[in-house]
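Here is the structure we will look at.
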Amino acid sequence: MACHTISACVIIRGMLDFKFIKDNADQVKDNSKRRNVKVDVDLVVELYGKRNALQQRIDNLRQSRNENAQKMKGKLDQKQKAEFIQEGKELKETIAQAEVEYRNMQNRLFEEAAKVPNMTHPEVPLGNDESANREIKRWGTVPKFDFKYKDHLELGKDLDLIDFESAQDVAGQKFYYLKNQAVILELALVRYALDILQKQGFVPFITPDIAREDIAAGLGFNPRGEESNIYTLEDTGMCLIGTAEITLGGYYAKRIMDAVKLPVKLAGFSHCFRREAGAAGQYSKGLYRVHQFSKLEMFIICLPEQSEVLHNHMLELEEMIYQGLGIPYRVVDVCTGDLGNQAFRKFDIEAWMPGRGENGEWGEITSTSNCTDFQARRLQIRTKQGGENIFVHMLNGTAIAVSRTLIALLENFQTKEGEITIPQNLITYTGFSKITKS
RNA sequence: GGAGAGAUGUCCGAGUGGUUGAAGGAGGCGGUCUUGAAAACCGUUGUGGGGCAACUCACCGGGGGUUCGAAUCCCUCUCUCUCCGCCA
């Protein structure tokens with residue numbers, strides 16, 4: 001792990017507090033099993049104990065060393081001085097050996113502990129994959145077309161809004177150009193959502209599209225490794241961000257926040273870059289799974305007792321945004337096996353996408369997670385409560401993921417004439433109410 | 001990209017290789033005084049690990065080295081600032 005400056009350097013330790021793991025080993029084991037994560041909790045506990053024993057030993061040795069050094073301060077006769085120096089030399093040797101042992105043990109501990117996932121909200125449905133996600137709500141009316149409707153690829157081409165072919169030559173697969181009204185639509189969607197969030201006290205941000213790898217890792221995004229979805233920038237220790245969650249969370253790394261000012265609510269606009277290696281096929285077509293898209297992301301830092309309410313609040317805001325656009329959707333309570341490592345609970349909004357699958361299907365359009373103190377622990381973001389420093393809770397949620405929202409807009413609001421009707425609430429921002437063939 | 005300067009606690013700012021976890025300010029908190037406030041004075045005020053605790057260890061940008069002993073000496077990396085160049 002590249003780790004250069006104090007401000008950027010994040011100490012990656014276990015996802016969960018070691019003491020907690022030790023004291024609640026059975027619970028942690030149970031939780032890992034339910035979340036479909038393979039981790040040897042007993043080994044973590046064992047390594048933790050061993051590491052602590054080594055630390056005790058080193059501390060004692062260092063104490064001896066310090067005492068020995070103190071003795072050298074006054075005037076001493078040659079013989080005694082020589083004895084102390086000899087003793088010091090031996091201590092130095094012993095300490096060096098113990099430190100090597102300690103470091104090895106520490107590394108083994110971190111390696112295993114890093115696999116331990118966050119704990120899980122008791123109401124999260126059990127299951128190994130998304131098929132076990134629990135639908136908790138539906139909103140809106142799924143459109144029934146009495147004409148041969150098109151998917152967004154066709155619409156995008158016919159209306160000269162999206163150009164995949166040219167992008168392929170310039171940047172490769174899974175890139176695209178937005179053109180004409182699609183460009184305005186992107187800006188309008190972001191502005192529309194940002195206005196809603198600002199009224200709710202979110203502070204607008206435009207973040208860097210690049211972040212240090214250790215920051216990304218702190219948020220739970222591993223820039224390295226085979227299944228990484230993150231692009232790294234060669235020889236820089238940086239990566240392209242997959243979401244503004246990384247830069248918004250990183251904003252407060254290593255800080256001790258004023259409890260009175262919590263919750264802190266941020267709305268960050270950024271580009272998002274994802275490698276999506278191996279993702280292909282029907283469900284990844286067109287704009288659904290791309291290497292780059294724009295997104296307005298919500299991010300909240302709060303006290304532990306606030307996080308559940310705020311998580312629900314973010315879901316409400318997401319619903320408000322999509323209801324305002326008139327896009328039919330359902331809300332899903334994501335199951336244990338599909339939570340990833342950091343989320344304590346996660347709600348997805350899936351919009352109806354007529355062009356998806358045979359006769360239209362739900363497609364994920366937002367996702368909001370309560371990560372509790374999981375990311376805060378890795379990023380060392382704390383606050384004072386009752387005279388003690390405690391880790392804050394961190395939550396994130398999609399306000400607008402432009403590319404997928406475009407799919408829903410184009411496909412749901414197409415007309416018989418092959419045109420697109422712009423939702424009423426968006427017209428203020430687009431300046432046009434319809435997209436027609438030019 | 002070139003040249004130089006620097007990085008110490010909440011902030012400013014000292015620091016000769018050996019009571020420096022760190023002087024001195026400022027700020028915060030507690031108190032004395034005051035009808036109240038200000039001023040003045042006294043006290044207190046970093047983070048992390050281990051331990052029930054007493055206590056102990058680590059941390060002066062990161063990493064490494066020299067030494068019995070490093071904030072202090074050496075190497076290296078990163079970052080910051082100033083000037084020049086380039087530039088939206």
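In what follows, every chain begins at residue 1, and chains take the letters A, B, ... in the order their sequences are listed.
Rounding to whole angstrom units, CG of residue A/Leu54 and C1' of B/C57 are separated by 14 Å. A/Glu67 has its CD atom 19 Å from the P atom of B/C68, to the nearest Å. Distance CD (A/Gln55) to P (B/G51): 9 Å, rounded to an integer number of Å. Atom CG in A/Asn60 sits about 13 Å away from atom P in B/G51, given to the nearest Å. As a whole-Å value, the separation of A/Lys71 NZ from B/C68 P is 16 Å. For the pair A/Gln380 CD and B/G46 C1', the interatomic distance rounds to 15 Å; values are reported in whole Å. Atom pair A/Arg62:CZ and B/G69:P shows a separation of 13 Å (rounding to whole Å applied). Residue A/Glu99 contributes atom CD, which lies 9 Å from atom P of B/G64 at whole-angstrom precision.
Nucleotides B/A88 and B/A7 have their P atoms positioned 36 Å apart, rounded to a whole Å. For the C1' atoms, the distance linking B/G17 with B/G69 amounts to 8 Å, nearest Å. B/U20 and B/U16 are spaced 14 Å apart, taking the P atom of each and rounding to whole Å. A distance of about 9 Å separates the C1' atoms of B/G46 and B/G21, rounded to the whole Å. Across B/C33 and B/G51, the matching P atoms stand 46 Å from one another, rounded to whole Å. When the C1' atom is compared between B/A70 and B/U8, the two are found 14 Å apart, to the nearest whole Å. For the P atom pair drawn from B/U45 and B/C55, the interatomic distance equals 14 Å after rounding to whole Å. The P atoms of B/G63 and B/A22 are separated by 22 Å, rounded to the nearest whole Å.
The side chain of A/Arg57 contributes no N or O atom lying less than 4.0 Å from OP1 or OP2 of B/U56. The side chain of A/Tyr48 places an N or O atom within less than 4.0 Å of a non-bridging phosphate oxygen (OP1 or OP2) of B/G50. Of the side-chain N and O atoms in A/Arg382, none sit less than 4.0 angstrom from OP1 or OP2 of B/U47. The side chain of A/Lys81 places no N or O atom within less than 4.0 Å of a non-bridging phosphate oxygen (OP1 or OP2) of B/C68.
In this structure, the nucleotide among B/C79, B/C68, B/A58 sitting nearest to the side chain of A/Ile85 is B/C68. Distance from the side chain of A/Asn66 is smallest for B/C57 among the nucleotides B/C79, B/C57, B/G51. Residue A/Arg103 places its side chain closer to B/G64 than to any other of B/G51, B/G64, B/C68. Closest to the side chain of A/Gln63, from the set B/U67, B/C57, B/U47, is B/C57. For A/Arg51, taking side-chain heavy atoms from C-beta onward, the closest of the listed nucleotides B/A58, B/G49, B/C68 is B/G49. The nucleotide whose nearest atom lies closest to any side-chain atom of A/Lys19 is, among B/C68, B/G51, B/G48, B/G51. The side chain of A/Asp59 sits closest to B/U56 out of B/G51, B/U67, B/U56. For A/Lys89, the side-chain atoms get nearest to B/C68 when compared with the rest of B/C68, B/G49, B/U47.
Across all strands, A/Gln56 comes closer than 4.0 Å only to sugar-phosphate atoms, never to a base (heavy-atom distances).
Secondary structure note: stems in RNA chain B built from 3 or more consecutive Watson-Crick or G-U wobble pairs under 3.5 Å occupy B:1-7 with B:78-84, B:10-12 with B:24-26, B:27-32 with B:40-45, B:46-50 with B:55-59, B:61-65 with B:73-77.
Annotation for A/Gln424: atom CD does not count as buried by contact number, only 12 or fewer foreign heavy atoms lying within 6.0 Å.
Using a 4.0 Å cut-off between charged nitrogen and carboxylate oxygen, A/Arg191 and A/Asp195 count as a salt-bridge pair. Using a 4.0 Å cut-off between a side-chain N of Lys or Arg and a carboxylate O of Asp or Glu, A/Arg108 and A/Glu46 do not qualify as a salt bridge. With respect to A/Asp40 and A/Lys115, no salt bridge is recorded, no charged nitrogen being found less than 4.0 Å from a carboxylate O.
By the 6.0 Å and 45° rule, A/Arg404 stacks over the aromatic ring of A/Tyr288.
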>> What verdict does the side-chain contact (heavy atoms from CB on, under 4.5 Å) test give for A/Ile162 and A/Leu178, after you've listed the backbone C-alpha separation in whole Å, the side-chain angles of each residue and the deciding distance to 0.1 Å?
In response: CA-CA 5 Å; A/Ile162 309 166; A/Leu178 293 185; 4.1 Å; yes
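Along RNA chain B, the nucleotide nearest to A/Ser64 and the one nearest to A/Tyr102 differ in position, and the one closer to the 5' end is contacted by A/Tyr102.
Here A/Phe299 and A/Tyr251 keep their ring centres 6.0 angstrom or further from each other. The distance between the ring centers of A/Tyr322 and A/Tyr329 does not fall below 6.0 angstrom.
Under the salt bridge (Lys or Arg N to Asp or Glu O under 4.0 Å) criterion, A/Lys179 pairs with A/Asp160, not counting sequence neighbours.
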